[in-house]
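Numbering of ligands and ligand atoms starts at 1, following listing order.
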Amino acid sequence: MAAERAGSGGGRSRKVAKKRDHDFVTGTSYAPAPESSAQVKIAKSYDLFIGGKWVKGSKRMKTINPATEKVLSEVAVAGPKEVDLAVKAARKAYNNVWKKMPGRERGKYLFRVARLLQERAREFAVLESMDGGKPIRESRDVDLPLVAAHFFYHAGWADKLDYAFPGRKPQSLGVAGQVIPWNFPLLMAAWKLAPALACGNTVVLKPAETTPLTALLLAQVFEEAGLPDGVVNIVTGAGATGQALVEHPGVDKIAFTGSTGVGKMIQRALAKSGKKHTLELGGKAAHLIFDDAPINQAVEGIVNGIFFNQGHVCCAGSRLLVQEGVADLVIRKLKRRMETLVVGDPLDKNTDVGAINSKEQLGRIKGLVAAGEKEGACSWQSGQRLPGKGYWFKPTIFTDCAQSHRVVQEEIFGPVLAIQTFRTPEEGIEKANNTPYGLSGGVWTDKGSKIFKVTSAMRAGVLWANTYNKFDPTSPFGGYKESGVGREGGLHGLAAYLEI
Ligand code: TAP
């Protein structure tokens with residue numbers, strides 16, 4: 001069904017699709033507009049960044065481009081010995097340099113890092129898209145500006161912590177161990193590093209196994225900025241490296257972003273350790289569309305919330321709750337819009353939906369979609385043809401969903417939307433709240449009073465009204481229930497890196 005529709009986009013579209021059969025094939029007739037990767041120099045191999053030096057790991061792992069399956073580089077794997085070295089380097093830098101340094105001086109380093117990131121933004125954005133599979137439009141226009149904004153924002157706080165918490169004497173914690181996922185590799189690193197450093201802590205950062213390259217390029221920026229040795233240490237590796245970091249007795253605070261399953265394991269490991277922790281975990285956000293909503297705007301918000309960046313967003317609007325009177329209209333418009341999405345080469349500036357980050361993640365998405373079909377929900381996919389190589393999944397919706405279906409309850413972390421209807425605001429709120437998660441959500445309506453009523457009843461840490469997926473370093477971010485513990489960003493995020 002889907003393949004048939006792909007060829008029905010007019011003569012030019014068919015020609016382009018045919019010509020590019022062995023390359024990237026898109027669902028529309030835009031001419032290719034690939035971003036050059038010439039300015040990105042990827043080394044054959046990378047070591048660990050410990051104490052300001054590049055240190056060999058216990059073994060090596062490959063990192064690949066998920067859009068082409070080509071190996072980009074080999075990266076060192078940190079075992080317990082290297083993690084220990086990194087924690088010791090961070091402790092030394094904390095005791096000898098960073099905790100003694102006046103806030104205004106720490107701030108200068110962060111400002112310098114922010115400016116260097118702006119100067120090298122294109123290089124970082126291209127590398128992020130190559131290593132992670134996300135569309136260049138997202139890494140260039142969303143991730144990189146936000147990364148720089150996080151460093152600028154926290155640089156400004158470094159010498160004003162006493163004003164941030166009047167009447168208190170905020171003190172740094174010591175060494176922070178930070179473990180991050182693959183969906184926003186550089187942005188998650190910035191979310192974690194900038195507040196930790198501004199507050200006077202030193203850091204050991206563990207990037208995700210499948211997306212280590214931008215964190216390693218960031219290490220080069222720290223070198224260029226003259227950051228004292230050991231203030232930031234970067235240890236690449238898989239889950240065992242993260243576990244060694246979490247369990248290391250020399251770490252004072254753990255900041256983790258990732259799945260709820262691993263988050264629970266970490267919370268168990270930290271129990272009785274006395275380590276402070278923040279956990280940013282999974283989500284299953286719902287959009288509530290009321291019949292008085294601006295429908296076209298809402299459809300665009302849904303598409304932005306789940307299909308851009310392949311649904312690899314913790315706060316992705318992966319459930320749609322639509323009021324019965326407008327359900328048919330919304331679904332019709334949504335399907336039409338889905339057909340126009342450009343799926344393919346992440347480096348093409350026209351691309352809306354890039355590659356799925358890894359073969360394992362693609363397998364998880366396929367497994368949950370199969371479970372949805374087996375349980376009786378009705379699936380529909382847009383008609384783009386997918387490239388032959390790499391990891392891809394078509395934008396997909398499920399209708400006729402029951403609240404108990406796995407596609408409604410479980411995080412899929414792919415471009416898959418589960419749609420249900422409701423009649424009254426109370427029913428919509430109850431359905432929205434009826435999952436183990438509580439990270440984010442969206443409300444679409446013309447009435448301000450309804451926005452206040454509905455959002456105050458929704459159990460989610462982040463709520464958007466008549467828009468979706470907007471971020472700002474000044475605003476705290478985090479979830480309720482199984483979506484996490486603590487907040488990142490804003491004053492709340494600073495407090496998480498301080499003894500107040
Ligand atoms: P996870 O599999 O949980 O991995 C996250 C990080 O933890 C990776 O660096 C991973 O290393 C590491 N790790 C794995 N096992 C570990 C262990 N036992 N101890 C310590 N660290 C361990 O998540 P993911 O698949 O990368 O990311 C997707 C998840 O992140 C989704 O659930 C998404 O909702 C969530 N997320 C949440 C947020 C916020 S702000 N709430 C933001 C982004 C993503 P490897 O990569 O080597 O396995």
Side-chain angles (χ1 to χ4, degrees), residues 61-63 75-78 80 83 131-132 134 143 146 150 177-192 204-212 215 234-248 251 254-270 275 277-285 306 309-318 356-365 368 410-414 435-440 460-462 469 471 475-489 492-493 496:
M61 62 185 188
K62 291 184 169 60
T63 183
V75 174
V77 174
V83 169
D131 202 21
K134 65 166 58 191
D143 295 29
L146 278 171
H150 269 82
Q178 306 184 326
V179 182
I180 54 172
W182 44 258
N183 61 337
F184 287 91
L186 187 65
L187 183 57
M188 288 298 113
W191 271 33
K192 299 230 168 335
V204 180
L205 176 82
K206 202 304 260 175
E209 183 182 356
T210 55
T211 51
I234 298 179
V235 288
T236 44
T241 307
Q243 191 177 351
L245 180 57
V246 166
E247 292 174 0
H248 196 291
V251 171
I254 291 295
F256 171 79
T257 297
S259 60
T260 294
V262 175
K264 283 181 180 177
M265 274 160 55
I266 291 180
Q267 207 168 24
R268 275 194 288 273
L270 293 181
K275 290 175 195 169
H277 60 277
T278 39
L279 305 174
E280 299 287 353
L281 309 176
K284 192 72 192 174
I306 186 67
N309 201 24
Q310 310 78 253
H312 290 349
V313 186
C314 54
C315 46
S318 54
I356 301 299
N357 181 263
S358 66
K359 198 173 174 183
E360 291 69 31
Q361 184 58 24
L362 181 59
R364 274 195 285 270
I365 296 170
L368 275 162
E410 293 181 33
E411 186 181 41
I412 301 175
F413 226 54
T435 77
Y437 297 106
L439 187 58
S440 54
V462 186
N469 266 356
F471 302 95
S475 172
F477 188 97
Y480 290 178
K481 302 194 281 183
E482 295 201 1
S483 287
V485 175
R487 296 289 180 268
E488 291 189 326
H492 299 68

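The nearest protein atom to atom 16 (C) of ligand 1, hydrogens excluded, is given as Val262 CG1, 3.5 Å; this is a heavy-atom distance. Atom 35 (C) of ligand 1 has its closest protein heavy atom at Gly258 O, 3.1 Å. Looking only at protein heavy atoms, the nearest one to atom 31 (C) of ligand 1 is Glu411 OE1, 3.4 Å. Shortest contact from atom 24 (P) of ligand 1 to any protein heavy atom: Trp182 NE1, 3.4 Å. Scanning all protein heavy atoms for the shortest distance to atom 27 (O) of ligand 1 gives Pro181 CB, 3.3 Å. Nearest non-hydrogen protein atom to atom 36 (N) of ligand 1 is Cys314 CB, 3.5 Å.
Atoms of ligand 1 found under 4.0 Å from any heavy atom of Val179, numbered from 1 in the order shown, are 6 (C), 7 (O), 9 (O), 12 (C), 21 (N). Close contacts between ligand 1 and Gln243 involve ligand atoms 19 (N), 20 (C), 21 (N) [criterion: under 4.0 Å to a heavy atom]. Remark: ligand 1 atoms within the under-4.0 Å shell around heavy atoms of Asn183 are 43 (C), 44 (C). Distances below 4.0 Å separate heavy atoms of Thr257 from the following atoms of ligand 1: 5 (C), 36 (N), 37 (C), 38 (C), 39 (C), 42 (C), 43 (C), 44 (C). Distances below 4.0 Å separate heavy atoms of Met265 from the following atoms of ligand 1: 18 (N). Atoms of ligand 1 lying under 4.0 Å from any heavy atom of Pro207, numbered from 1 in the order shown and given with element: 9 (O). Near Phe256, the atoms of ligand 1 lying under 4.0 angstrom from a non-hydrogen atom of the residue are 3 (O), 5 (C), 6 (C), 7 (O). For ligand 1 and Phe477, the ligand atoms under 4.0 Å from any heavy atom of the residue are 40 (S).
Considering CD1 of Ile266 and NZ of Lys275, their distance stands at 10.5 Å, rounded to 0.5 Å. A distance of 5.5 Å separates NE2 in His312 from CD1 in Ile365, rounded to the nearest 0.5 Å. Of the inter-residue distances, the one linking Gln243 atom CD with Met265 atom CE reads 6.0 Å to the nearest 0.5 angstrom. Here the CE-CH2 distance, from Met188 to Trp182, works out to 12.0 Å after rounding to the nearest 0.5 Å. One finds the OG atom of Ser318 at 10.0 Å from the CZ atom of Phe413 (value rounded to the nearest 0.5 Å). If you take NE2 on His150 and CD on Glu488, they are separated by 8.0 Å, rounding to the nearest 0.5 Å.
Seen from the ring of Phe256, Lys206 does not count as a face-on cation partner, given the 6.0 Å and 45° thresholds.
Ligand 1 has an N or O atom lying under 3.5 Å from an N or O atom of Leu281, backbone or side chain. Between Ser259 and ligand 1, an N or O atom pair is found at a separation short of 3.5 Å.
When every heavy atom of Gly258 is checked against every heavy atom of Pro181, the shortest pair comes out as CA-CB, 4.4 Å.
Between Leu205 and the choices Thr236, Ile180, Leu245, Val235, the side-chain contact (heavy atoms from CB on, under 4.5 Å) rule is met once, by Ile180.
Side-chain atoms of Thr435 and Glu410, non-hydrogen and from C-beta on, never get closer than 4.5 Å to each other. Looking at heavy atoms from C-beta onward, Leu146 lies out of side-chain contact with Trp191 at the 4.5 angstrom threshold.
Under the 3.5 Å distance criterion, with hydrogens and angles disregarded, a donor-acceptor pair is assigned to the side chains of Thr63 and Asp131.
When heavy-atom distances to ligand 1 are checked against a 4.0 Å cut-off, Phe413 comes that close only through its side chain, counted from C-beta outward. The part of Ile180 lying near ligand 1 is the backbone, judged by heavy-atom distances below 4.0 Å.
Within a 4.0 Å radius of atom 4 (O) of ligand 1, the protein contributes no heavy atom.
Among Gly242, Gly282, Gly239, Gly237, the residue whose heavy atom sits closest to atom 13 (N) of ligand 1 is Gly239. The option from Lys206, Met188, Lys264, Glu209 that lies nearest to atom 11 (O) of ligand 1, judged by heavy atoms, is Lys206.
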Next item on the list: Mind running side-chain contact (heavy atoms from CB on, under 4.5 Å) on Lys284 and Ile412 for me, showing each step along the way?
Entry: CA-CA 8 Å; Lys284 192 72 192 174; Ile412 301 175; 3.9 Å; yes
